[in-house]
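Order of appearance sets the numbers: ligands from 1, and atoms from 1 within every ligand. The chain is numbered in sequence order, starting from 1.
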Amino acid sequence: MTPLTATEELLAPLSAQGIARSTVAGAPVGAAELNRIDAFWRACKYLALGMIYLQSNPLLREPLKPEHIKSRLLGHWGSSPGLAFIYTHLSRLIKRDDLEMMFLAGPGHGAPGVLAPIYLEGTYSEIYPEKSEDEKGLREFFKQFSFPGGIGSHCTPETPGSIHEGGELGYVLSHACGGAFDNPNLIVAAVVGDGEAETGPLATSWHISKFLNPIRDGAVLPILHLNGYKINNPTLLARITHEELEDLLRGYGWNPYFVEGSDHDSMHQAMAATLERCIAEIKSHQEKCRKTDMAIRPRWPMVVLRSPKGWGAPREVDGHRLEGFWRSHQVPLTDVKTNPAHLRILETWMRSLKPEELFDERGRVFPELAEIMPSGRRRMSASPHASAELRKKLRLPEFRDYAVKIDRPGNTEVENVPPLGRFLRDVMKWNMNSFRVFAPDENTSNKLDAIYEASKKFWIAETFPEDRDGTELASDGRVIEMLSEHTMEGMLEGYLLTGRNGFFSSYEAFVHVIDSMFNQHAKWLSICNNLSWRRKIASLNLLITSTVWRQDHNGFTHQDPGFLDVVLNKSAAVTRIYLPPDANCLLSVADHCLHSENYINVIVSDKQKHLQYLDIDAAITHCTKGIGIWNWASNDEGHEPDVVFAAAGDIPTQEALAATALLRERFPDLKIRFINVVDLFKLQPSAEHPHGLTEADFDSLFTTDKPIIFNFHGYPWLIHRLAYRRTNRNLHVRGYKEKGNINTPMELAINNQTDRFSLAIDAIDRIPKLQRIGAHAKEEFRDCQIACRSHAYEYGIDSPEISGWKWPYDKN
Ligand SMILES: Cc1ncc(C[n+]2csc(CCOP(=O)(O)OP(=O)(O)O)c2C)c(N)n1
Ligand SMILES: [Mg+2]
């Protein structure tokens, strides 16, 4: 089929071409200002092309030659002109109204369009003085882009003002919302790619409109960048009718204003008028609520910018459509170094932007152009929120005050999570404007509900009378719950990246939903460790609860401890995994995590009733070491042990202790050492992880040759991954092996061989002196397993001897 002619296209209802069509009428920009805005935008486009193509001759002072072109062409032009257009117009309003704004580019691959204005407003050179505002600096600035030893091609952490890399699409609105929380004067502009808008995380995050409190929070201004295309495809939102799109966005609670077209002057006027209207509406909603002190849900404004993909590229090259088509997504002309005709097209294109009118003799942008931008901290690239300079550190209550009393180890049963809930409640009380708790509908289920005594769940949608019965909703609540792990994680990340503090809890099986977000945040933090101008931020604290071993009622789908395997892939500099065995250890670990900076702390703890082992002082000592021999559970002191039992995780610890007790009863001369691991990375060599044990410490704890029976919370191979380099190769690990269903806890453990009987049998098989004499004990343990199963099938629960088991010894 032949493509539309230019005239047909101008008449098509979904066209991004032609004179601006906009919801808001008006031409608020005077002629002189309009010229300067357009020139500034031209300068941005020129710089974006320079970043993609040039390694020298940055101002085209001589005719463009192949040697001026980078050998490898990387980067994305398609999104860049639109992003720079938006950035320029937001800056105009910031300057005019003295606004406090941040800029997040969802399609972060359009970084050239963001880096360009950042360089032009001077921030880039302030942070990176070698990228100075002159010809030499400009050459460096171009060359480093997407170049070995330089910066990435997205809005990476090196980008001043960025808290959102936009490499992985989908998180821009949730990040923006987190940034706006508790920042009443801040407006976070968030550009949403129309392809990005097709992702699950982005689609669900339109609901942030129901989580922003007009009194206490700032605003998010979404700008849907409807440039019509992704990498190789049209976007859905650009190919549905105007009414459908408007209905969709209105249905999500927004008030969309359309700006559509390609003609420069009219588009500038339309964008300026539209943004003025949006800011006025934001202010008016906020003022109304702030005056009356009544938080009602406004229909927040947003912009739909329909403009051509690759706006300003040659319309067609070699018979292929470029501007306004997906072919302009990345590098529009890929062979300019070897194809003289294409080199000429590029040169003509770059010269059409008139660099001589934009940059002075030295290579600095003319001051009258730079003047349209705000100055100092008002520049979005110099936002103190984005660099976390406004970091608010937590004031923490004394966690010991929430401790559980314990008389003898392994004899009291307590729910592990509620004491932490009470601690978090008071953390919230003490840090009312800088601490938030997030969960996908699970704080009560996860037994953290004490926090509602400090603050309820923020709810600004409709309420029913019956909600008063325990739903804990309030229009000034600070706890955030929505059934979207993506949105919760994104909001928390945005909140942390702008200098505040938070806590996130999730069911273990479904925390996988945010595997990828975890990956991205870990990568962000890793890079930040090398950027001295960014302040350290609070760690992302993630409680994984409702764990595999107590998902017997929900069954197989709810059993997946594999998030830890994902965590292990990421840099040792930013990841920590803790498996506190009881409530006091959980408190101690949580306190440590809340104090820490620039990490992702993953804490695994089941929420149900479990045996308690350590009083608070012992818990603190144990968690400080991260791994240790439990003397009260061992009988090998002064001897070489026959076997080392080790456990990580609450239920695995209980079963390993029970196995120890079984063996000691049957074989009183057996010397057993019992080790508990809280800090999983202790197992890794110290050269690989800062928490890793030295070889000497590992060998003295685990011996160099005695059998180690390791009962692990997660998939067993993870322990082998951590410990494969250690001297003692006699390591036998049990963990979850995907053998689950609707089971009793004991039956589930038996199916996966993490139960006391399987562990005891494992030990007999590996301790040389028991291999010959252990047959009777093994038979007995197997009989016990059969009896446990029969009991479960008959009564639906475990027998009281199993579920009520206690550590039988007073001391070792
Ligand atoms: C989650 C995710 N999936 C796929 C990609 C690969 N990708 C990079 S850019 C892009 C197209 C983006 O289109 P759009 O959001 O419309 O951005 P723009 O048109 O502004 O370039 C895709 C699919 C990605 N970065 N993230
Ligand atoms: Mg697009």
R299 meets the salt bridge (charged side-chain N to carboxylate O under 4.0 Å, His left out) criterion, sequence neighbours left out, with none
Side chain to side chain donor-acceptor pair (under 3.5 Å) partners of residues 193-208, not counting sequence neighbours, each pair once:
D194-T235, E198-K230, H207-K210
Do T159 and S162 have side-chain atoms, one donor and one acceptor, less than 3.5 Å apart?
no
Which residues and atoms, counting only protein N, O or S, are under 2.8 Å from the Mg ion (ligand 2)?
D194 OD1, N227 OD1, Y229 O
Exactly which residues line ligand 1, taking a heavy atom under 4.0 Å from it as the test?
S79, P107, H109, G167, E168, L169, G193, D194, G195, E196, N227, Y229, K230, I231, K309, H329
Salt bridge flag under 4.0 Å for residues R534 and E158
no
Do we get R436 above F503's six-membered ring, with its NZ or CZ under 6.0 Å from the centre and within 45° of the axis?
no
K45 to W41 six-membered ring, cation-pi geometry met (6.0 Å, 45°):
yes
Taking everything shown except K143 itself, do over 12 heavy atoms lie less than 6.0 Å from its NZ?
no
Quick one: do E9 and R321 make a salt bridge, cutoff under 4.0 Å?
yes
Minimum-distance pair of heavy atoms, taken over all atoms of N541 and G502:
ND2-O, 3.8 Å
